[in-house]
Trainee: 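Got a structure for you, questions after.
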Amino acid sequence: MKRSTYIVMAVMALLFAVSWYFKAATYHGNVMSPLVAGFMITLAAFLTLAIISFVYQDNPFYKFAEHLFVGISAAFWMCQSFWSTIVGNLIPRISTGLSKYFGQPYRDEPWNFVYWLPVILGILLLLRLSSKIGWVSRWALAFIVGTTAGLSFIRYLRSDFMEQISSTMVPLLAAGNSGESLLSNITLSATGPFVAMLTNWVIFLGVICGIVYFFFSKEHTGLFGRASRVGIWILMITFGAAFGYTVMGRITLLVGRLTFLYKDWLGLIS
Amino acid sequence: MRRQLPFILVFAFGLFMIFQYFVPHESSERAYEFLLDWTTIIGIFALAVGIWSLVSVTIEKIKLRKPAWQYSFFTLAGLFLMILFGFTAKVDGHWGFHFYTSEGLQNPMFRSFFDYILTPIQATMFSMLAFFIASAAYRAFRARNVLATLLLIAALIMMMRFNPFLGPVGPLFEKTANWLLNVPSLAANRAIIIGIGLGMVATALKVILGIERGYMGK
């Protein structure tokens, strides 16, 4: 590392210590001790700034935050899964002794013995770590892959295919929700029959043209090409709307982080 | 045995999950629930394999002095500290390392690590995408043709919808944005979802019939 990097790190360490001191001195909560609370709030602010610093360029502070996140995140999910799934749901079904040891009430239900099978398959999966008998883990993997494939087959066929097509088959020449006749009362009211009919046409043609755009087995020329052209317009509007929505969501998160820095850390806003 | 049994298992369980949908019987539904529970339980063991893999890769990185190896110490420190806090609890008035109580999840340090390390990093990483999206938008949003113009107008309307300083024209943007989301966006999303559905069904069928074997590795 360069000399300037060491100077920046020393300055950051000094600022961290000063912030820690002041946050501990001004902490009034009773959840943690002031020393710990001061340290944690300063650390959160430091990590927020470390991640933001990546906007300038990759740097040691960003790398530190990134590596710390990987370790803590993995351990967090491991602890959560162990306590909620293994201790909370599996052990109370497979053993009275273990349930008593973990302080969980034993669930005396018929067919509980079948829960030993996923334990055996899970242990087989752990054998993947062995270079000699690692191939046995394929059995557990095959179970997960097979079950998920069967489940996906039905789920996607129903929800992503049949139900989407059925929802697209909307009345194209019909009265609106209020029951008014289309021809006797043509109005641009948002709840009127004309707008309802227009909406249905846009949805129906939008879906057809969108699908046509994704159909690459036929050359996009003539009527097919024109439908494909409308399809890409509809898709572009959708991508634009999704983009705008995503940007605003990220800005909201950024506002949240800035609020933390200015309010919880620096105390500049009430 | 090494290669044939996994294919038989995939075929049998895949076929069972398809057919159980067409058999609305109590025993069929129970078997379905059992299989879903089994998948979750095996998934936890897969997580353990993942943790082991993370530890071994990180240690190897330190041993071989690979680029940025110094930071791997922080990964290991974060991992072991969080596990330590996750299994440390105050039982009968005494702090200790316990495997038999989920009080560890309520440990103040475990919660603090989540609130003051995990959440800030995650939220800031996601919020940073706003900057990168903005720079990408500068390149993509130049109204060079009809398609780019449509993208630009839709995005601007959607962003204006959340602007609190628009005054009397605010509701107009709100209505237009809602229409964009509920009508053209719905249509295009439906077309995409139908495509995804067909793709997933085809992939699932290929896996069940043993045509797709990538999950087996080499």
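Residue numbers start from 1 in every chain, and the chains themselves are labelled A, B, ... in the order their sequence lines are given, proteins ahead of strands. We use all heavy atoms of the structure for the numbers below, so side chains are in, but hydrogens, waters and symmetry mates are not.
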Trainee: Side chain, backbone, both or neither: which part of B/Leu35 has a non-hydrogen atom closer than 4.5 Å to chain A?
Mentor: both

Trainee: Do you see a donor-acceptor pair shorter than 3.5 Å between the side chains of B/Arg161 and A/Tyr245?
Mentor: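 Judged by distance alone, the side chains do not pair up.
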
Trainee: With ring centroids as reference points, do B/Tyr71 and A/Phe64 lie under 6.0 angstrom apart?
Mentor: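 Between A/Phe64 and B/Tyr71, which both carry aromatic rings, the centre distance is not below 6.0 Å.
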
Trainee: Top residue by heavy-atom pair count (under 4.5 Å) with chain B, among A/Asn200, A/Leu235, A/Ile52, A/Ile123?
Mentor: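 Max contact count across the listed options: A/Ile52.
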
Trainee: Quick check on A/Arg155 against chain B: is it the side chain, the backbone, both or neither that has a heavy atom closer than 4.5 Å?
Mentor: neither

Trainee: Ring centroids only, cut at 6.0 angstrom: are A/Phe153 and B/Tyr21 within range, meaning strictly under it?
Mentor: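 For A/Phe153 and B/Tyr21, the ring centres are not under 6.0 Å apart.
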
Trainee: Between B/Leu15 and chain A, which part of the residue has a heavy atom less than 4.5 Å away: side chain, backbone, both or neither?
Mentor: neither

Trainee: Under 4.5 Å from any heavy atom of chain B, what part of A/Ile51 do you find: side chain, backbone, both or neither?
Mentor: both

Trainee: Hey, which of B/Phe13, B/Phe34, B/Phe16 is the one that makes ring pair (Phe, Tyr, Trp, His ring centres under 6.0 Å) with A/Phe143?
Mentor: B/Phe13

Trainee: For a quick test of your reading: what N or O donor-acceptor pairs under 3.5 Å do the side chains of residues 173-187 of chain B make, sequence neighbours left out?
Mentor:
residue  : atom : partner  : partner atom : Å
B/Thr176 : OG1  : B/Leu172 : O            : 2.6
B/Asn178 : ND2  : B/Glu174 : O            : 3.4
B/Asn182 : ND2  : B/Asn178 : O            : 3.1

Trainee: For B/Leu118, is it the side chain, the backbone, both, or neither that has a heavy atom closer than 4.5 Å to a heavy atom of chain A?
Mentor: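 Looking at B/Leu118, backbone and side chain both touch chain A.
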
Trainee: Tell me, side chain or backbone of A/Trp233 under 4.5 Å from chain B's heavy atoms, or both, or neither?
Mentor: both

Trainee: Heavy-atom cut-off 4.5 Å, strictly under: side chain, backbone, both or neither for A/Ser167 against chain B?
Mentor: both

Trainee: Side chain, backbone, both or neither: which part of A/Met248 has an atom under 4.5 Å from a heavy atom of chain B?
Mentor: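 For A/Met248, the side chain is the part near chain B, not the backbone.
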
Trainee: Given that the side chain runs from C-beta out, which part of B/Leu54 has a heavy atom under 4.5 Å from chain A: side chain, backbone, both or neither?
Mentor: side chain

Trainee: Measuring heavy-atom distances to chain A, does B/Phe80 have an atom under 4.5 Å in its side chain, in its backbone, in both, or in neither?
Mentor: neither

Trainee: For A/Arg128, I'd like to know if atom CZ has over 12 heavy atoms of other residues, nucleotides or ligands within 6.0 Å.
Mentor: no

Trainee: Can you tell me which portion of A/Ser137 sits under 4.5 Å from chain B's heavy atoms? Options are side chain, backbone, both or neither.
Mentor: neither

Trainee: Looking only at the aromatic ring of each residue, does the gap between the centers of A/Phe76 and B/Phe110 stay below 6.0 angstrom?
Mentor: yes

Trainee: Go through the atoms of B/Met128 and report whether side chain, backbone, both or neither lie under 4.5 Å from a heavy atom of chain A.
Mentor: side chain

Trainee: What part of A/Ile234 is in contact with chain B, defined as an atom under 4.5 angstrom from a non-hydrogen atom: side chain, backbone, both or neither?
Mentor: both

Trainee: Does any heavy atom of chain A fall under 4.5 Å from the side chain of B/Phe114, the backbone, both, or neither of them?
Mentor: side chain

Trainee: Is chain A contacted by the side chain of B/Tyr32, its backbone, both, or neither, given a heavy-atom distance below 4.5 Å?
Mentor: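 The side chain, not the backbone.
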
Trainee: Check whether B/Met109 gets within reach of chain A through its side chain, its backbone, both or neither, counting any heavy atom under 4.5 Å.
Mentor: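 Contact with chain A: side chain only.
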
Trainee: Roughly how far, to the nearest 0.5 Å, is the CG atom of A/Leu253 from the CD atom of B/Gln122?
Mentor: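 Result: 10.0 Å between the selected atoms.
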
Trainee: Between B/Ile51 and chain A, which part of the residue has a heavy atom less than 4.5 Å away: side chain, backbone, both or neither?
Mentor: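 Only the side chain of B/Ile51 comes within 4.5 Å of chain A.
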
Trainee: Please classify the contact of B/Val146 with chain A as side chain, backbone, both or neither, using a heavy-atom distance under 4.5 Å.
Mentor: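 Looking at B/Val146, just its side chain touches chain A.
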
Trainee: Strictly by salt bridge (Lys or Arg N to Asp or Glu O under 4.0 Å), give each pair with a member in residues 39-48 of chain B just once, sequence neighbours left out.
Mentor: none

Trainee: For A/Phe69, is it the side chain, the backbone, both or neither that has a heavy atom under 4.5 Å from a heavy atom of chain B?
Mentor: both

Trainee: Contact part of A/Met78 toward chain B, heavy-atom cut-off under 4.5 Å: side chain, backbone, both or neither?
Mentor: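 Both parts, backbone and side chain.
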
Trainee: For A/Val136, is it the side chain, the backbone, both or neither that has a heavy atom under 4.5 Å from a heavy atom of chain B?
Mentor: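 No part of A/Val136 comes within 4.5 Å of chain B.
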
Trainee: Which bit of A/Tyr62 is near chain B, if near means a heavy-atom gap under 4.5 Å: side chain, backbone, both or neither?
Mentor: side chain

